[in-house]
Amino acid sequence: MDPDFYDKVYQVVKQIPFGRVTTYGAIAKFIGVKKASRMVGWALNNCKRDYIPAHRVVNRIGLLTGKASFPGENMMEDLLASEGVNVENNKVVDFKQLFWDPQILLKEFE
């Protein structure tokens, strides 16, 4: 595994627009390690959330699977709500419309 993997994850997560979400798998694919979505989760679990908007990363169907890593039972949901992202039953409402694909970063440089 690339020793800079966590830093690459953090750089992608910093690019997720306010009010949008992406997935662990989309980040892993963008970094070039398609099957490393769990590693993305580990990276986010170990980050300093003051600087990394980890609350914007959910699983492939929009579930808040990382919420246990946040202080307080509803912190992840509250942070998303503060950005206008609605969550019901631990799942992002309108997930497909709010999904941000990191691949767009590549298109910006073409």
note = Smallest heavy-atom separation, Phe95 atom then Gly62 atom, equals CD1-CA, 3.6 Å
Residue pairs involving residues 91-105 (criterion salt bridge (charged side-chain N to carboxylate O under 4.0 Å, His left out); sequence neighbours excluded) = none
task = Please answer whether the main-chain N or O of Met39 pairs with a side-chain N or O of Tyr24 as donor and acceptor at a distance below 3.5 Å.
result = no
key: Taking every non-hydrogen atom, the tightest pair across Val93 and Leu98   = O-CD1, 3.6 Å
ask   = Could you give all pairs that pass the salt bridge (charged side-chain N to carboxylate O under 4.0 Å, His left out) test and reach residues 11-32, with sequence neighbours left out?
value = none
For Lys8, all residues meeting salt bridge (Lys or Arg N to Asp or Glu O under 4.0 Å), sequence neighbours excluded = Asp2
query = If every non-hydrogen atom of Cys47 is compared with every non-hydrogen atom of Ala54, which pair is closest and at what distance?
reply = SG-CB, 4.2 Å
ask   = When you look at CD of Glu88, are more than 12 heavy atoms from neighbouring residues, nucleotides or ligands closer to it than 6.0 Å?
value = no
key: Phe18 to Ser82 - nearest heavy-atom pair and separation   = CZ-O, 3.8 Å
ask   = So how far is it from Tyr6 OH to Ile31 CD1, rounded to the nearest 0.5 Å?
value = 11.5 Å
inquiry  = Once salt bridge (charged side-chain N to carboxylate O under 4.0 Å, His left out) is applied, what residue pairs with a partner in residues 59-85 remain, sequence neighbours excluded?
reply    = Arg56-Glu83
key: Side-chain donor or acceptor of Asn46 paired with backbone N/O of Trp42 under 3.5 Å   = yes
Interatomic distance, Asn74 atom CG to Leu80 atom CG [nearest 0.5 angstrom] = 11.5 Å
Trace of the side-chain contact (heavy atoms from CB on, under 4.5 Å) decision for Asp7 with Tyr10 = CA-CA 5 Å; Asp7 289 331; Tyr10 303 150; 4.1 Å; yes
key: side-chain contact (heavy atoms from CB on, under 4.5 Å) between Val58 and Thr65, worked out   = CA-CA 6 Å; Val58 297; Thr65 53; 6.0 Å; no
query = If two hydrophobic side chains count as joined below 4.5 Å and joins carry through other members, does Leu63 share a cluster with Met75?
reply = no
inquiry  = Using the side-chain contact (heavy atoms from CB on, under 4.5 Å) criterion, which residues pair with Thr22? Sequence neighbours excluded.
reply    = Ile16, Ala26, Ile27, Val57, Phe99, Trp100, Pro102
task = Working to the nearest 0.5 Å, report the span between CG of Leu79 and CG of Leu64.
result = 10.5 Å
request  = Using the rule that two of Ile, Leu, Val, Met, Phe, Trp, Tyr join whenever any of their side-chain heavy atoms come within less than 4.5 Å, decide whether Ile61 and Val40 are in one cluster.
outcome  = no
key: Residue pairs passing the salt bridge (charged side-chain N to carboxylate O under 4.0 Å, His left out) test where at least one lies in residues 33-46, sequence neighbours excluded   = none
